[in-house]
There are 2 protein chains.
Amino acid sequence: MIAISLLEKYGAIIKTFKNSDTIFEEGKQPTHYYQIISGEIKMNNYNDEGKEFIQGIFYENQCFGEPPLFIDQVYPANAVAVIDSELIIITKNKFFELLENNAEISLNIIKNLSQRLYYKSVMAAEISSQDPEHRVLRLIDYSIAQLNFKKEAAGFLINLTRQQIADLTGLRVETVIRAIKSLEKKGDLKIINRKVYR
Amino acid sequence: MIAISLLEKYGAIIKTFKNSDTIFEEGKQPTHYYQIISGEIKMNNYNDEGKEFIQGIFYENQCFGEPPLFIDQVYPANAVAVIDSELIIITKNKFFELLENNAEISLNIIKNLSQRLYYKSVMAAEISSQDPEHRVLRLIDYSIAQLNFKKEAAGFLINLTRQQIADLTGLRVETVIRAIKSLEKKGDLKIINRKVYR
DNA sequence: AGGATTTTATGATTTAAATCATGTTATCAA
DNA sequence: TTGATAACATGATTTAAATCATAAAATCCT
């Protein structure tokens with residue numbers, strides 16, 4: 001999202017995280033700007049019963065966790081590495097300095113926040129008021145549009161486990177499995193040795 | 001959000017909408033920036049069965065509907081006046097011109113989008129994975145923190161109908177009524193001639 | 001002022017998804 | 001290579017919220 005060379009001018013450092021390492025925790029004060037060089041990061045919450053909800057999954061060149069930085073609030077969710085990942089990070093102060101000196105970056109940030117707000121709006125309506133099959137299909141379609149899924153002969157390979165789809169849509173994994181089966185029967189997607197294609 | 005005098009410099013005009021008038025519709029291309037001078041605007045969706053979901057309710061001095069403007073997408077929801085309202089609007093082109101010439105506005109927009117993204121994140125986790133009472137209480141608390149609810153002797157007056165709370169949380173109105181009753185019994189809020197206080 | 005509509009309210013019934021149980025297959029780590 | 005763990009799978013049962021029905025109170029409208 002922000003050029004690595006520019007970040008480095010402002011003292012950015014590169015940090016590596018192993019699979020399932022925590023980058024920051026819900027309720028903590030934000031101190032840095034984070035951008036992914038390589039890997040995969042999820043933001044999540046756990047409810048009172050320990051059920052996970054995934055706010056979003058982020059991939060290379062994407063940033064995450066900035067909103068609380070701008071509005072001086074604590075993190076609304078945790079950030080956890082899904083696979084081994086390399087992040088470039090700079091301190092809050094340096095980040096704001098960078099912004100002030102590079103006016104054109106602001107528009108990028110606005111666009112990025114707008115994109116994420118758009119996703120949340122669409123998914124909020126879906127999650128709250130549609131049947132499971134519809135929710136799963138909409139998440140899949142949205143993920144294809146936004147994320148870097150590979151197009152193969154059978155269609156786009158949906159690079160999400162059923163558990164992840166469950167946690168992204170607020171459903172239970174058994175419900176997702178049954179919904180995906182049913183969607184396959186209807187011809188809305190394909191299952192080839194357990195992998196989902198659309 | 002943006003000073004009215006500044007908007008007027010860029011050719012803003014004032015438009016009035018009556019209760020339940022539509023400002024724009026889901027799926028349509030955005031053409032203007034909208035800011036509320038007075039009144040109350042909701043953004044909503046309807047699912048396949050006609051059930052309403054309210055994305056958010058906006059009050060005076062707030063803007064709404066900008067994200068699609070920035071990312072060149074169609075509106076993800078409708079905007080409808082909840083009461084008679086007065087809006088100040090400028091065209092997309094003039095709006096971007098204003099932004100270019102007034103760099104300090106960008107940070108305001110970033111903060112505003114961040115705030116809304118924060119709300120969506122919190123509510124997404126709530127809606128997807130908590131019991132109705134928790135969802136209702138969290139919406140009420142969030143609304144107190146964000147909106148201009150009046151503090152009275154009995155507490156903050158929650159200026160939302162039970163139907164609106166249902167549409168904001170994805171619940172049914174009967175469920176909200178029962179949840180509010182139950183929350184009152186537990187002492188989490190007060191009901192004084194049908195009005196809810198917290 | 002009076003009729004229509006919206007909001008709040010409550011009880012009975014249905015239903016879809018969660019939960020529980022259990023097993024197979026695939027993937028990961030030592 | 002194997003033992004452990006994660007992912008996928010399926011059937012049976014439970015349960016909480018939706019749905020249905022009905023009505024009183026408040027508010028809106030002309």
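Letters go in sequence order (proteins before strands), and every chain restarts at 1. In this text the structure is predicted, and so the values were computed from the model without any measurement.
The listed nucleotides are C:dA17, C:dT10, D:dT10; the one nearest the side chain of B:K181 is C:dT10. Proximity note for B:P132 (side chain, C-beta onward) versus C:dA9, C:dT10, D:dA17: the nearest is D:dA17.
The shortest distance between side-chain heavy atoms of B:M1 and B:Y33 falls below 4.5 Å.
In this structure, CG of A:N193 is placed 15 Å from C1' of D:dA9, rounded to the nearest angstrom. Across the protein-nucleic acid pair, B:Q163 atom CD and D:dA25 atom P stand 21 Å apart, rounded to whole Å. Taking atom CD of residue A:E49 and atom P of nucleotide C:dA18, one finds them 13 Å apart after rounding to whole Å. Per the geometry, CD1 belonging to B:I177 stands 12 Å off C1' belonging to D:dA24, to the nearest Å. The interatomic distance linking B:I165 (CD1) with C:dA9 (P) rounds to 11 Å, in whole Å. As a whole-Å value, the separation of B:D131 CG from D:dA16 P is 10 Å. Distance CD (B:E184) to P (C:dT8): 14 Å, rounded to an integer number of Å. The interatomic distance linking A:R172 (CZ) with D:dG11 (P) rounds to 21 Å, in whole Å.
Ion pairing between B:E126 and B:R135 fails under the 4.0 Å rule for side-chain N and carboxylate O.
Positionally, the nearest nucleotide of DNA chain C for A:T175 lies more toward the 5' end than for the other of A:T175 and A:K195.
Residue B:R178 places a side-chain atom within donor-acceptor reach of the base of D:dT19, judged by atom type and a 3.5 Å distance cut-off alone.
Taking side-chain N and O atoms only, B:R162 has no distance below 4.0 Å to OP1 or OP2 of C:dT7.
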- Message: side chain to side chain donor-acceptor pair (under 3.5 Å) for B:E133 and B:S182? Distances and angles first, verdict last.
- Response: CA-CA 8 Å; B:E133 288 178 28; B:S182 164; 2.7 Å; yes
- Should A:Q55 and A:N45 be marked as a side chain to side chain donor-acceptor pair (under 3.5 Å) after you check the CA-CA gap, both sets of side-chain angles, and the distance that decides it? CA-CA 7 Å; A:Q55 292 284 351; A:N45 300 97; 2.8 Å; yes
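Residue contacts shown for A:R194 include a base, since a base heavy atom lies under 4.0 Å away.
In the model, A:E97 has no side-chain atom that pairs as donor or acceptor with a side-chain atom of A:N101 under 3.5 Å.
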